[in-house]
Amino acid sequence: MIERIIEIIVSRFVEKLETAVKEEVDYITTTLEETVRQIVRETMEAVRVTLFYLSIGLAAAVIGGAFFVFGLAKIMDYYTGISGIGYLVIGAFVLIIGVSALSKSRGEVTHSD
């Protein structure tokens with residue numbers, strides 16, 4: 001008889017404990033899901049804004065650089081009196097910079113064995 005009473009008490013305690021643990025796990029899981037969603041939302045918004053301003057800045061820099069190089073080439077043409085020499089000199093200079101940058105970037109690759 002006492003064993004049966006103890007068995008009932010223990011079984012009810014286990015049921016209540018299971019319910020409490022399940023509720024806590026559900027609450028924690030829901031909270032974590034909401035937190036992760038919020039973090040992802042905020043991060044994506046920050047990345048979107050950063051990419052927008054980066055693309056505007058990059059486009060302005062490229063266009064400005066192109067006009068600057070075009071102007072330098074025209075000035076060289078004017079002062080040398082040889083048509084097209086400015087474009088050749090500026091083009092060669094930019095080509096040397098590009099090749100140097102490419103060779104530098106390929107030289108920094110490290111391989112782990």
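Note that the structure is predicted; figures quoted are calculated from it, not measured.
The distance from the OG atom of Ser100 to the CG atom of Leu95 is 9.0 Å, given to the nearest 0.5 Å. Here Glu24 contributes atom CD and Thr31 contributes atom OG1; the two are 9.5 Å apart, rounded to the nearest 0.5 Å. Remark: Ser11 OG to Glu18 CD distance equals 10.5 Å, nearest 0.5 Å. Taking CG of Leu17 as the start and CD of Glu15 as the end, the distance is 11.0 Å to the nearest 0.5 Å. Rounding to the nearest 0.5 Å places CZ of Phe68 at 8.0 Å from CD1 of Ile90. From Leu58, atom CG reaches atom CG of Leu51 across 11.0 Å, with rounding to the nearest 0.5 Å.
Counting heavy atoms from C-beta on, the side chains of Tyr87 and Met76 never come closer than 4.5 Å.
Taking hydrophobic clusters as Ile, Leu, Val, Met, Phe, Trp and Tyr residues chained together by side-chain heavy-atom distances below 4.5 Å, Leu72 shares a cluster with Ile82. Ile6 and Phe13 end up in different hydrophobic clusters when Ile, Leu, Val, Met, Phe, Trp and Tyr side chains are linked at under 4.5 Å. Both Val49 and Ile56 sit in one connected hydrophobic cluster of ILVMFWY residues. Membership requires side-chain heavy atoms under 4.5 Å apart, directly or through other members. Under the 4.5 Å side-chain heavy-atom criterion for Ile, Leu, Val, Met, Phe, Trp and Tyr, Ile85 and Phe93 are members of distinct hydrophobic clusters.
Other residues, nucleotides and ligands contribute at most 12 non-hydrogen atoms within 6.0 Å of the CD atom of Glu3.
No donor-acceptor pair under 3.5 Å is formed between the side chain of Asp77 and the backbone N or O of Ser83.
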> Could you walk me through whether Glu45 and Arg48 pass the salt bridge (Lys or Arg N to Asp or Glu O under 4.0 Å) check?
Replying inline: CA-CA 5 Å; Glu45 181 64 20; Arg48 186 188 67 80; 2.7 Å; yes

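The hydrophobic cluster containing Leu32 also includes Tyr27, Ile28, under a criterion of side-chain heavy atoms closer than 4.5 Å among ILVMFWY residues, counted directly or through chains of members. Other cluster members for Val40: Val36, Met44, joined by side-chain heavy-atom distances under 4.5 Å among Ile, Leu, Val, Met, Phe, Trp and Tyr. In the hydrophobic clustering (ILVMFWY side chains linked at under 4.5 Å, chained through shared members), Ile75 is joined by Tyr78, Tyr79.
Side-chain contact annotation: Glu34 with Gln38, donor-acceptor N/O pair under 3.5 Å absent.
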